[in-house]
Amino acid sequence: MLIGSCHCGKTGFTLTGDPGSITACNCTLCRRYGVLWAYDYEGERIAITGETASYTRVDRTEPSLEILFCPSCACVVSWRGLKPQADGRRRIAVNVRLAPPEAVAHLAIDHFDGLETWEDLPSQGKCVRDLWF
């Protein structure tokens, strides 16, 4: 189980099982937040703990997700889809930067171009430790 918490400890997440590769995105939000995402579905392998506040993009007429953060220390905890998918499941991702470095250092990083092409980019062969240490 992967556990992460905000700086003040009032908000966090748990992710059971293998988180898989982690995504670094260059969209206008992710690059500003400096987040690294692990994905699943709300109520399945990912659970958010504590109180959260949310931000939904104001530059989109129909935003597809909201950013959840700690209302006390403002650490970004996750993003969550605003609408369930066709199968009724709601996509969610947690910010693995909130986990202890030793728990995520080995995880491979995938890069996603959320700014221009909306496509996965070629692997650079890096893992989380390459960004932190």
Side-chain angles (χ1 to χ4, degrees):
M1 178 181 304
L2 186 60
I3 299 171
S5 67
C6 65
H7 195 261
C8 72
K10 293 181 179 177
T11 305
F13 70 83
T14 59
L15 187 155
T16 56
D18 180 5
S21 60
I22 303 308
T23 300
C25 175
N26 66 347
C27 78
T28 58
L29 283 175
C30 293
R31 74 169 192 254
R32 285 176 169 87
Y33 290 142
V35 294
L36 295 172
W37 301 117
Y39 301 93
D40 203 72
Y41 296 92
E42 186 174 49
E44 293 184 27
R45 296 185 326 123
I46 290 176
I48 303 301
T49 59
E51 182 182 352
T52 61
S54 69
Y55 170 74
T56 304
R57 291 181 66 148
V58 295
D59 62 336
R60 302 280 168 97
T61 55
E62 291 188 39
S64 59
L65 58 86
E66 64 182 342
I67 301 294
L68 301 178
F69 59 93
C70 174
S72 295
C73 69
C75 283
V76 173
V77 176
S78 68
W79 69 252
R80 179 175 58 190
L82 290 174
K83 297 178 184 175
Q85 296 179 330
D87 63 4
R89 300 159 79 199
R90 187 184 306 261
R91 194 82 162 133
I92 190 168
V94 292
N95 181 9
V96 301
R97 288 190 182 267
L98 302 184
E102 64 275 6
V104 296
H106 67 285
L107 297 173
I109 295 177
D110 292 328
H111 292 271
F112 180 75
D113 183 5
L115 185 61
E116 295 178 5
T117 66
W118 207 249
E119 294 179 1
D120 292 322
L121 299 172
S123 174
Q124 297 176 1
K126 295 186 178 187
C127 58
V128 173
R129 86 170 54 80
D130 296 321
L131 296 181
W132 276 350
F133 308 105

Are any side-chain N or O atoms of R97 and backbone N or O atoms of G34, one a donor and one an acceptor, separated by less than 3.5 Å?
yes
Which pairs pass salt bridge (Lys or Arg N to Asp or Glu O under 4.0 Å) with one or both residues in residues 10-34, sequence neighbours excluded?
none
To the nearest 0.5 Å, what is the distance between CD1 on I67 and OG1 on T56?
8.5 Å
Keeping S5 on the side-chain end and G12 on the backbone end, is there a donor-acceptor pair under 3.5 Å?
no
Indicate the atoms forming the closest heavy-atom contact of N26 with G114, along with that distance.
OD1-N, 2.8 Å
Please check if the number of heavy atoms outside Q85 that lie under 6.0 Å from its CD is greater than 12.
yes
Verdict with supporting geometry, I22 and V128, side-chain contact (heavy atoms from CB on, under 4.5 Å):
CA-CA 8 Å; I22 303 308; V128 173; 4.3 Å; yes
Could you tell me whether the side chain of T23 reaches within less than 4.5 Å of the side chain of I109, counting heavy atoms only?
no
Smallest heavy-atom separation, W79 atom then I92 atom, equals O-CG1, 3.1 Å
Pair listing, ring pair (Phe, Tyr, Trp, His ring centres under 6.0 Å) test, anchored in residues 86-112, at least two apart
F112-W118
Quick one: are L36 and L131 in side-chain contact, heavy atoms under 4.5 Å?
yes
In this structure, are over 12 heavy atoms from other groups packed under 6.0 Å from E51 atom CD?
no
Heavy-atom pair with the smallest gap, counting every atom of C30 and C25
CB-O, 3.4 Å
Report whether L82 and L29 are members of the same hydrophobic cluster (ILVMFWY, side-chain heavy atoms less than 4.5 Å apart, transitive linking).
no
Kindly confirm or rule out a cation-pi arrangement of R90 over Y41, judged by NZ or CZ under 6.0 Å from the six-membered ring centre and within 45° of its axis?
no
Less than 4.5 Å apart, side chain to side chain, heavy atoms only: is that true for F69 and C6?
no
Answer yes or no: is there a side-chain heavy-atom contact under 4.5 Å between V96 and P19?
no
hydrophobic_cluster_shared for I3 and L68, side chain cutoff 4.5 Å:
no
Enter the distance from L98:CG to T11:OG1 here, rounded to the nearest 0.5 Å.
9.5 Å
Residue pair I46 / Y39, side-chain heavy-atom distance below 4.5 Å:
no
dist R45:CZ -> L15:CG (nearest 0.5 Å) comes out at 5.0 Å
Test salt bridge (charged side-chain N to carboxylate O under 4.0 Å, His left out) applied to D110 - qualifying residues, sequence neighbours left out:
none
Sort out for me which residue in R57, K83, R80, R91 forms a salt bridge (charged side-chain N to carboxylate O under 4.0 Å, His left out) with E66.
R80
Hydrophobic clusters here meaning ILVMFWY residues chained together by side-chain heavy-atom distances under 4.5 Å, can you tell me if V76 and L65 are in one?
yes
Backbone N or O of V77 within a donor-acceptor pair of the N95 side chain at under 3.5 Å?
no
Specify the closest pair of heavy atoms between S78 and A93, including all atoms of both residues, with the distance to one decimal.
CB-O, 2.8 Å
